[in-house]
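In what follows, chains carry the letters A, B, and so on, assigned in the order in which the sequence lines appear, proteins first and then strands, with residues in each chain numbered from 1.
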Protein chains: 2
Amino acid sequence: MAVNLKQLAELLGLSQTTVSRALNGYPEVNAETRQRVLQAVRETGYRPNRAAQRLATGKAYSIGMVMPIAAGIDSDVHFGEFLAGLGEEAVKHDFHFVLNPSAPEDEEATFQRLAASGNVDALFLAYMRANDPRIAMLKSLSIPFVVHGRSIGETRDYPFLDIDNTGAFYDATRLLIQLGHQRIALINGPDYLTFSIRRMKGMARALAEHGLNLDEALVHHSLMTDEHGYRSMQRFLQQPDAPTAVLCSSTVLALGAVRAINQAGLAIGRDISLIAHDDVLPMLKPENFSVPLTTTRSSLRAAGGRIATRLIAGILKSGDYPDQELWRAELIVRASTGPAPQK
Amino acid sequence: MAVNLKQLAELLGLSQTTVSRALNGYPEVNAETRQRVLQAVRETGYRPNRAAQRLATGKAYSIGMVMPIAAGIDSDVHFGEFLAGLGEEAVKHDFHFVLNPSAPEDEEATFQRLAASGNVDALFLAYMRANDPRIAMLKSLSIPFVVHGRSIGETRDYPFLDIDNTGAFYDATRLLIQLGHQRIALINGPDYLTFSIRRMKGMARALAEHGLNLDEALVHHSLMTDEHGYRSMQRFLQQPDAPTAVLCSSTVLALGAVRAINQAGLAIGRDISLIAHDDVLPMLKPENFSVPLTTTRSSLRAAGGRIATRLIAGILKSGDYPDQELWRAELIVRASTGPAPQK
DNA sequence: ACGGATATCCAAAGCGCTTTGGGAGGAAAG
DNA sequence: CTTTCCTCCCAAAGCGCTTTGGATATCCGT
């Protein structure tokens with residue numbers, strides 16, 4: 001049923017060469033001819049055979065991903081969401097995945113094997129850490145890659161997509177300060193991940209600008225599960241001088257935090273304000289919380305899609321995308337923030 | 001650097017045909033010659049070019065997966081773990097993935113597109129529901145597939161890998177009954193998934209055999225997050241005639257349940273017994289709970305690997321695996337179970 | 001009207017593998 | 001001593017695409 005290039009060319013009375021060129025956007029083909037070809041493609045439903053293309057071009061048409069299987073990552077709620085974005089976009093372009101789970105200790109070997117296998121045209125990297133050794137490694141591998149997030153402390157001369165974590169939490173903190181809050185807590189992600197580091201920095205900066213200090217007793221780092229959110233919040237509330245506002249690095253953490261707050265008999269948005277970072281997880285919408293959450297929002301799925309798009313465009317040399325992107329998170333005010341309670 | 005078939009053949013003074021046959025296990029090749037070939041492969045590090053193989057054989061050497069993006073599935077903690085198993089095994093055989101996220105409503109179209117694309121040799125299906133319409137659909141698609149789990153109510157004439165959920169919870173329940181428990185609660189997964197249905201059935205059967213009834217007030221169905229585990233347990237404990245034992249469909253649920261129990265001031269293994277199903281999630285080991293958990297154990301990652309193995313063997317027509325497998329879960333007794341408290 | 005651009009198109013050579021259709025040589029059979 | 005039959009090997013034809021290296025025709029200025 002499926003036609004191939006040869007048949008299509010015959011049908012059009014053209015050579016394979018011309019048809020191929022028409023399809024791949026080469027200039028040496030008459031505009032009218034190109035239209036005819038495109039039309040015929042539509043009518044016949046012609047789809048180039050990827051295997052043949054791979055063989056002829058040497059491209060793999062697939063992107064590799066080393067899936068970390070360290071604790072708290074592979075089973076991370078956020079990971080699936082990001083993956084969905086990648087997959088969605090990849091499938092549109094008929095690209096494959098090579099998913100390679102790997103323990104941190106043999107990550108390097110895994111990357112090398114993947115790059116050498118010729119099975120992938122590009123690699124993708126996530127869960128960036130400060131001074132992440134993996135980026136130097138990837139650079140030496142001579143295979144294109146894009147990083148989700150960005151390292152800290154290295155020259156920033158590699159392609160990445162990150163959100164402005166510093167800015168997001170700076171904005172959020174400033175809002176809280178403007179509302180009169182002085183003691184603000186932070187329930188953050190793991191302390192070795194760059195987004196955590198930056199969010200804390202953003203918060204510290206906003207505080208500093210208003211002559212306030214970041215109280216270390218009000219900062220917790222942990223995996224982003226709601227259990228951890230719950231426990232952190234509970235401990236904050238038990239402190240002698242409990243915070244009147246709290247920032248959460250994920251709505252998942254916020255889920256637990258909210259529970260702890262309710263349990264303490266406090267009212268969110270009145271007794272205590274809460275702002276969470278919202279990765280736009282479909283099953284956890286901030287507007288559906290009993291008290292709708294004020295959030296800094298940036299879709300994780302969209303990020304996955306964007307990275308796939310860039311990776312693919314890079315491989316195909318189609319389209320031109322910036323090499324480095326920093327997305328701003330929107331600060332969306334809902335009911336979980338309010339003026340600081342008067343003593 | 002990388003050698004190809006032609007070079008390898010030249011090096012050996014053989015034809016490509018013979019080398020190819022030696023490698024692919026054809027009989028018409030002298031045993032000694034085959035050894036020489038194998039030796040040369042080891043020395044040169046020859047790896048067949050997958051693109052060329054795909055083109056020549058028409059096989060895709062990749063397996064397709066429709067990743068459901070319905071609430072509570074894609075971001076499921078358990079999904080990543082399963083995926084890791086699949087990926088690990090696939091990569092060993094140099095197989096690719098085609099990850100296709102799809103909303104339930106266009107799942108059918110997604111499957112069809114995937115099957116028709118010629119980009120995958122086999123499909124994989126999970127999150128089985130009772131009378132799942134997808135298996136009839138897959139059968140009509142004339143593309144091999146394996147199901148993780150199994151449907152209920154249909155003729156069971158399709159390849160699957162499932163664990164004996166009924167048996168697992170039957171065993172668990174029987175143990176509790178033997179320990180003197182009469183009122184046993186169940187914190188289960190979503191009620192439309194077959195594993196939930198079967199686990200409840202297993203529990204009911206064990207109860208019935210001892211003249212006990214399953215009390216509907218003691219059964220909750222929900223997504224398997226610890227939040228839900230917490231809430232369910234809390235509600236159970238508030239009932240007038242609270243249960244003395246509880247079964248959880250996941251250690252994630254157990255996490256929440258344990259929290260609720262502790263909070264109620266009860267001692268696990270003495271005041272109340274708990275048995276959870278353990279999918280062997282690396283970040284949530286039952287032996288690391290404050291009171292080590294008695295569990296029914298079956299590794300989700302192993303299941304993923306096994307399915308990949310079977311799928312790949314089926315495509316390569318190498319090896320012979322059973323078409324249908326039912327794994328028994330082990331009942332492992334730890335400290336969270338004990339005799340029912342005397343009134 | 002003519003050499004040289006310019007615009008369009010094509011034939012054919014791969015890419016690296018599998019597979020078809022033999023062919024040589026020796027053993028078994030007649 | 002032929003004839004037949006294995007056993008083991010090979011040459012060559014694809015698989016469906018891209019790309020090189022021209023062809024051919026048209027158009028330009030002079």
Output side-chain donor-acceptor pairs under 3.5 Å for residues 15-27 of chain B, partner residues at least two apart or in another chain, one line each.
from, atom 1, to, atom 2, distance (Å)
B:S15, OG, B:T17, N, 3.4
B:S15, OG, B:T18, N, 3.2
B:S15, OG, B:T18, OG1, 3.1
B:S20, OG, B:N24, ND2, 3.4
B:N24, ND2, B:S20, O, 3.0

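Checking B:T17 against A:Y26, the closest nucleotide of DNA chain D that is more toward the 5' end is the one next to B:T17.
Nucleic acid contact class of B:G118 (heavy atoms, under 4.0 Å, all strands): none.
Side chains of B:R50 and B:Q53: a donor on one and an acceptor on the other come within 3.5 Å. For the residue pair B:N49/B:N4, the side-chain donor-acceptor check at 3.5 Å is not satisfied.
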Original post:
Passes ring-ring contact (aromatic ring centres under 6.0 Å, His included), A:F124 versus A:F82? Steps please.
Top reply: CA-CA 12 Å; A:F124 149 73; A:F82 183 81; 5.2 Å; yes

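For the pair B:Q7 and B:A2, the tightest heavy-atom approach, listed with the atom from each and the gap, is OE1-O, 3.9 Å.
Every pair tested for salt bridge (Lys or Arg N to Asp or Glu O under 4.0 Å) that includes a residue from residues 5-14 of chain A fails, sequence neighbours excluded, so the list is empty. Sorted by first and then second residue, the pairs that involve residues 28-66 of chain A and meet ring pair (Phe, Tyr, Trp, His ring centres under 6.0 Å), not counting sequence neighbours, are A:Y61-A:F95.
When the local axes at the two ends of the helix from C:dA1-D:dT30 to C:dG30-D:dC1 are compared, using 5 base pairs at each end, they differ in direction by 40° after rounding to 10°.
Of the residues in residues 48-58 of chain B, B:L55, B:A56 come within less than 4.0 Å of DNA chain D through at least one heavy atom, sorted by number.
With a cutoff of under 4.0 Å to any heavy atom of chain B, the contacted region of DNA chain C is bounded 5' to 3' by C:dG16 to C:dG21.
In this entry the distance linking CZ of B:R21 with P of D:dC9 reads 11 Å, nearest Å. For B:E28 and D:dC5, the CD to C1' distance is 16 Å, given to the nearest whole Å.
Atom CD of B:E108 is surrounded by 12 or fewer heavy atoms from other residues, nucleotides or ligands within 6.0 Å.
Within the 3.5 Å criterion, the main-chain N or O of B:R129 finds a donor-acceptor partner in the side chain of B:S151. Side-chain atoms of B:R301 never come within 3.5 Å of backbone atoms of B:V280 as a donor-acceptor pair (strictly under, hydrogens ignored).
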